[in-house]
Amino acid sequence: MKIAILGDHHLGYQRFEIDSYIQTEKAIIDASQKTDVILCAGDIFDIKIPKLETIKNAIEIFKKASIPIFAIHGNHERRSKDMVNPVQLLDTANQVKVLHGESVAFEKNGERIQIFGLGSVPEEYAVVALKKSLEKYTKKDDAFNVLMIHQSIKELMPGGEDELSLEYLETLPFDLIVNGHIHETMVKLGGKLLIPGSTVITQMKKTETSPKGYFIYDTYTKKHEFVDIGTRPFFYEILEFKDAGEYEVKDAIKKKVDEIKNKSPTALLTIKIDGTLKQGLSNSDISLEKYENVFLDNRLNIQSLAASMERIKDLRKENLPIKEIALKELRSKTEGKITLFDTEEMFEKLLQGTDETLEYLENKQKKQE
Ligand SMILES: [Mn+2]
């Protein structure tokens, strides 16, 4: 049997909304033609309460699948227990079958697979939740056993304490493990763990320049194959400067943007701008132009990580309480530069919480107007 493994479609993702639909549709149609069953490993939608337009588009896309689809919810879709998440909505509309802490058997031409799915849970409960939900699970010897999850994995993408690890996953009684959540395509545990990656670019990081698509797993040969669904071209470029002036930086960026856009008008582009500025010039002094589909990762004059660590070490030597160190940091970054708030007051509000901070800033702004 051939299993299609898809993940992280992020339908409705604001920045590249059309791409999110087009690329999911391509993957679903292609998988329908080449495989027997589709697994969607979470984050079908980008937010837990999508726009009606997004839901409609999702239904139109999933309608085009001619084979069964089993799905779990991702962290972007997770809602509290008694509330409906958008993947459940697709289930109600008969587009997918949702699995959450349960397994389902699927049979074709006398061959059987058993899929156990667990939707996203907060990372700190991942091990406990998986262990608990697997208590009632029994591996079927006459079936091919698949586990589908949507979590961080310690060795691949640290998400906090007590999260899942490769070491733990390897001990589980499954022939194949499928994980969403990680947007980069990966094959781990000698091919036993497949991470399809997202079908849409979401972060414009260097890792996103690799192809987007899905996996086909063949239960006879026990081999996987990655299918590239083709995305808008994405380029990642680095521009280095030394003691540069504002116009030098601006000109170099424009030249790079023109060069790429001439080659590929619809391309997405990240330009990392690194190095140093002329003496007396700071990162915030220069205003960089905005270009469509271009993300500028501005690192000019930003101290290296090693230098920042040294500075923090020095601060610790002064033996100040953590709170004082943090306040000192905030002061050095904002005082004399931002007039909207008083640094000390701002710090207190930040400690109290987001709502208090926003209220404080709003009040300050009103006074300024
Ligand atoms: Mn995701």
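Counting convention: from 1, in listed order, for ligands and their atoms alike.
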Would D297 and R299 count as a salt bridge (charged side-chain N to carboxylate O under 4.0 Å, His left out) here? Give the steps. CA-CA 6 Å; D297 183 7; R299 311 275 178 111; 2.9 Å; yes
Tell me which N, O or S atom from H183 is the closest to the Mn ion (ligand 1). NE2
Return yes if a side-chain donor-acceptor contact under 3.5 Å exists between S198 and K212, otherwise no. yes
Of the backbone and side-chain N, O or S atoms of H10, does one lie nearer to the Mn ion (ligand 1) than 2.8 Å? yes
Pair D218 + K222: basic N to acidic O under 4.0 Å: no
Which atom of D8 approaches the Mn ion (ligand 1) most closely (N/O/S): OD2
Option from I22, T24, I29 for which side chain to side chain contact (heavy atoms under 4.5 Å, CB included) with K26 holds: I22
Atom name in D43, limited to N/O/S, at shortest distance from the Mn ion (ligand 1): OD2
